[in-house]
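Here the structure is a predicted model, which is why all the values come from computation and not from measurement. Labels below follow one simple rule: chain letters A, B, ... track the order of the sequence lines, proteins then strands, and each chain is numbered from 1.
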There are 2 protein chains.
Amino acid sequence: MSTVGKAISLLELFTIDEPELGLTEIARRSGFDKATTRRLLVSLARHGFVEQDAETRLYRLGAGLTRLARIREARFPILQTALPFIRELAAVTAETLHLSEASNGSLLTVHVEHPARANRVNVNVGEYLPLHSTASGIAYLAHVREAVLKAALAGPLAPFTAHTVTDPTAVLDAIEAARKRGYSIMDQGYEEGVHSVAGAILGADGYAIGTLAIAAPVVRTSRAAAAERGKAVAAVAREISERLNGEGFNVLKSRAFA
Amino acid sequence: MSTVGKAISLLELFTIDEPELGLTEIARRSGFDKATTRRLLVSLARHGFVEQDAETRLYRLGAGLTRLARIREARFPILQTALPFIRELAAVTAETLHLSEASNGSLLTVHVEHPARANRVNVNVGEYLPLHSTASGIAYLAHVREAVLKAALAGPLAPFTAHTVTDPTAVLDAIEAARKRGYSIMDQGYEEGVHSVAGAILGADGYAIGTLAIAAPVVRTSRAAAAERGKAVAAVAREISERLNGEGFNVLKSRAFA
DNA sequence: TCTAATGGTTCATTATTTGAACTCTTATTT
DNA sequence: AAATAAGAGTTCAAATAATGAACCATTAGA
């Protein structure tokens, strides 16, 4: 692994649940030597990517990340644009909503809204989503360049549950169906007991730049409820796409595959 | 410079105004060899810190940054907490507002609201602020540990304008005054013609974790206007601190220097 | 068609990174 | 109160990864 990769992998040890870690702990988890770990952390700290609590000596992610994220947001203001819509939709559906952004052919979750109820699906910000086995992934693949789609279905498709579809042709069918329907459906393909629907958020070139998904326990998911959620999520994803680009969804869509 | 530092310095070439750059351009600006630059970019891309436009081959900041920034935000939700208050204050004051976060003893701007008027102060997201010559810096230094304050005033203080106060003792006086007043005032200390007031945002331990500032052209800044803005910005910074920590501002404040 | 500019790659040379062993500080146990 | 343990941080010879001049490929423009 490159030194840069090592440094970044240190950053990836920090999670919502464990946002602060000590030097020894970081070294242990990363598998790097303590001296190496420290040197990397110091390099990261110099640029504000991590900071150290003056009191506890624990390290945590730094504001330098916020800063760069804001610069990106200025170009792709998905989060800012989407937030009000997501909040509204979350209030209406009372199920877990998550917004994911495309980056280098992967999807990663950048925002989550959880309903205030006991039995709900939990999704963590920062999670990478497999493309073939999540509603978000299918919705995304329904609006990507041919080459990206091919690459996504090229490798062996991991079976996460007994329900995961691992046959590329069947996945393609699901993608085609999602494209026609306007939203994707995934029944327990990634996690047992979780049903999801998702819509694609399109960029100015008509290709997907992110997805919006609703994840709910299967016990609360009748066929009718799924369809209702699907329509809702698709409508909001459409709305976000239009706000983001200042153009009609169909105009955007027609721009892809041209 | 460490390899990690080099990689991060590549990220820092991207700005709001130039969010997308080509390989040769990045190499030229960073001063690194093209091969080196490329290798670093590939390492960064592997972790979603940059992404490459499939069409134009230009590089831009990636969603991996958004992801990590969100994890940080979960711990220090300054931005989320502050945004509605900032927006409201921006509407009322009709001047430039900027929110900065403390990171490793520096302040960097993570959000800006500009008024819709021709003559206004422009601040860029991502800017680092000198501590001795900005209202934000003074407000920050009024609520930091003794050691941080000493470090900030130790080096030579750069004169940015003819108005910049570069005598450490005078700066200390300004800090003391800000602490008593509840907000700081900076008259053209960083840029000619710009007047700013700022309030500190406190963390759970009573020390500053960020600042909120109003920057206005001096031509619109009477003594009375400055005082009014100062009181407003201090009140909002207080409010944000309380929301953030769920405790009264004075309770927080008393916790520091204990 | 030719030229120039950019993206991307190779591999021997060079410089940075590595990690075992060390100290220092702080918390915990006896 | 002394002993022990555990974590933070440092050092320097050895090992490894980074470097960059020169290369090719593709695209844009003259």
Side-chain angles (χ1 to χ4, degrees), chain A residues 1-15 18-62 103-105 145-148 151 205 258, chain B residues 1-14 18-62 103-105 145-148 150-151 205 258:
Chain A
M1 196 193 286
S2 69
T3 309
V4 174
K6 285 177 195 164
I8 297 179
S9 74
L10 293 189
L11 296 176
E12 295 181 334
L13 296 174
F14 297 92
T15 62
E18 294 185 287
E20 298 196 327
L21 300 167
L23 172 60
T24 305
E25 188 60 22
I26 297 172
R28 211 177 50 67
R29 296 197 190 189
S30 64
F32 307 141
D33 186 87
K34 195 150 57 86
T36 301
T37 305
R38 173 115 217 294
R39 204 168 32 74
L40 294 175
L41 286 170
V42 168
S43 293
L44 290 168
R46 194 167 292 137
H47 294 266
F49 276 34
V50 297
E51 58 190 31
Q52 190 176 26
D53 192 295
E55 200 115 309
T56 63
R57 313 254 89 191
L58 295 178
Y59 295 86
R60 60 173 171 250
L61 296 176
S103 191
N104 299 312
R145 272 168 236 281
E146 196 59 33
V148 179
D205 57 3
Chain B
M1 193 193 287
S2 69
T3 309
V4 174
K6 285 176 198 167
I8 297 178
S9 73
L10 293 189
L11 296 175
E12 296 181 335
L13 295 175
F14 297 92
E18 294 185 287
E20 299 196 326
L21 300 167
L23 172 60
T24 305
E25 188 60 23
I26 296 173
R28 211 178 49 69
R29 296 200 191 187
S30 64
F32 308 140
D33 185 87
K34 197 152 55 89
T36 302
T37 305
R38 172 116 217 293
R39 205 168 31 74
L40 294 175
L41 286 170
V42 168
S43 293
L44 291 168
R46 194 167 291 137
H47 295 264
F49 275 34
V50 297
E51 59 191 30
Q52 189 176 27
D53 192 295
E55 201 114 310
T56 63
R57 313 253 90 190
L58 295 177
Y59 294 86
R60 58 172 171 251
L61 297 175
S103 189
N104 300 311
R145 273 168 236 283
E146 197 59 32
V148 178
K150 271 217 177 98
D205 57 4

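Distance B:Arg38 CZ to D:dA18 C1': 16 Å, rounded to the nearest Å. Put simply, CG on B:Asp53 is 17 Å from C1' on C:dG8, counting in whole angstrom units. Atom CG of B:Leu21 and atom C1' of C:dA5 are 17 Å apart (whole Å). Between the CE atom of A:Met1 and the P atom of D:dA18 there is a distance of 11 Å, rounded to whole Å.
Summarising the geometry, atom CG belonging to A:Leu44 is positioned 5.0 Å from atom CG belonging to A:Leu11; distances are rounded to the nearest 0.5 Å. The line from CD1 of B:Ile8 to CD of B:Glu12 is 7.0 Å long, rounded to the nearest 0.5 Å. Expressed to the nearest 0.5 Å, how far NZ of A:Lys6 lies from OG1 of A:Thr36 amounts to 7.0 Å. Atom CZ in A:Phe49 sits 13.0 Å away from atom CZ in A:Phe14 (nearest 0.5 Å). Going from atom OG of B:Ser43 over to atom CE of A:Met1 covers 10.0 Å, rounded to the nearest 0.5 Å.
Within residues 23-36 of chain B, the residues having any heavy atom under 4.0 Å from DNA chain C are, by residue number, B:Leu23, B:Thr24, B:Lys34, B:Ala35. Contacts between residues 39-49 of chain A and DNA chain C, counted as heavy-atom distances below 4.0 Å, involve A:Arg39.
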One character per nucleotide, please: for nucleotides 25-30 of chain D, 5' to 3', B when the base has a protein heavy atom closer than 4.0 Å, S when only the sugar-phosphate does, - otherwise. ------

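Nearest heavy-atom pair, B:Gly62 versus B:Glu51, reported as atom, atom and distance to 0.1 Å: CA-OE1, 3.9 Å.
Comparing C:dG7, C:dT18, C:dT9 by their closest approach to the side chain of B:Arg57 singles out C:dG7.
Residues A:Ser2 and A:Tyr59 each lie close to DNA chain D; by heavy-atom proximity, the contact nearer the 5' end of the strand is made by A:Tyr59.
For A:Leu58, the side chain to side chain contact (heavy atoms under 4.5 Å, CB included) partners at least two apart in sequence or on another chain are A:Glu20, A:Thr56.
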Verdict with supporting geometry, A:Leu10 and A:Leu13, side-chain contact (heavy atoms from CB on, under 4.5 Å): CA-CA 5 Å; A:Leu10 293 189; A:Leu13 296 174; 4.2 Å; yes

Might you work through the side-chain contact (heavy atoms from CB on, under 4.5 Å) test for A:Tyr59 and A:Leu21, ending with a clear yes or no? CA-CA 5 Å; A:Tyr59 295 86; A:Leu21 300 167; 5.7 Å; no

Walk me through it: do A:Arg38 and A:Thr24 pass the test side-chain contact (heavy atoms from CB on, under 4.5 Å)? CA-CA 9 Å; A:Arg38 173 115 217 294; A:Thr24 305; over 6 Å; no

In sequence, state the C-alpha distance, the side-chain angles, and the governing distance for B:Val42 and B:Arg46, and then conclude on side-chain contact (heavy atoms from CB on, under 4.5 Å). CA-CA 6 Å; B:Val42 168; B:Arg46 194 167 291 137; 3.5 Å; yes

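Dashed line: the shortest gap from a side-chain N or O of A:Lys6 to OP1 or OP2 of C:dT18 is under 4.0 Å. Phosphate proximity of D:dG7 to A:Gln52: absent, as no side-chain N or O sits under 4.0 Å from OP1 or OP2. A:Thr3 has a side-chain polar atom (N or O) that falls below the 4.0 Å cut-off from OP1 or OP2 of D:dA18.
No side-chain heavy atom of B:Pro19 sits under 4.5 Å from any side-chain heavy atom of B:Arg60. Using a 4.5 Å cut-off on side-chain heavy atoms (C-beta onward), A:Asp205 and A:Arg145 make contact.
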Could you pull out every donor-acceptor pair under 3.5 Å between side chains of residues 28-35 of chain A and any protein atom, sequence neighbours left out?
unit_1  : atom_1 : unit_2  : atom_2 : d
A:Arg28 : NH2    : A:Glu25 : OE2    : 2.8
A:Arg29 : NE     : A:Glu25 : OE2    : 2.6
A:Arg29 : NH1    : A:Glu18 : OE1    : 2.8
A:Arg29 : NH2    : A:Glu18 : OE2    : 2.9
A:Arg29 : NH2    : A:Glu25 : OE2    : 3.0
A:Ser30 : OG     : A:Ile26 : O      : 2.8
A:Ser30 : OG     : A:Ala27 : O      : 3.2
A:Ser30 : OG     : A:Phe32 : N      : 3.2
A:Asp33 : OD2    : A:Ala35 : N      : 2.7

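Overall bending of the helix from C:dT1-D:dA30 to C:dT30-D:dA1, expressed as the angle between end axes built from five pairs apiece, is 40° (10° steps).
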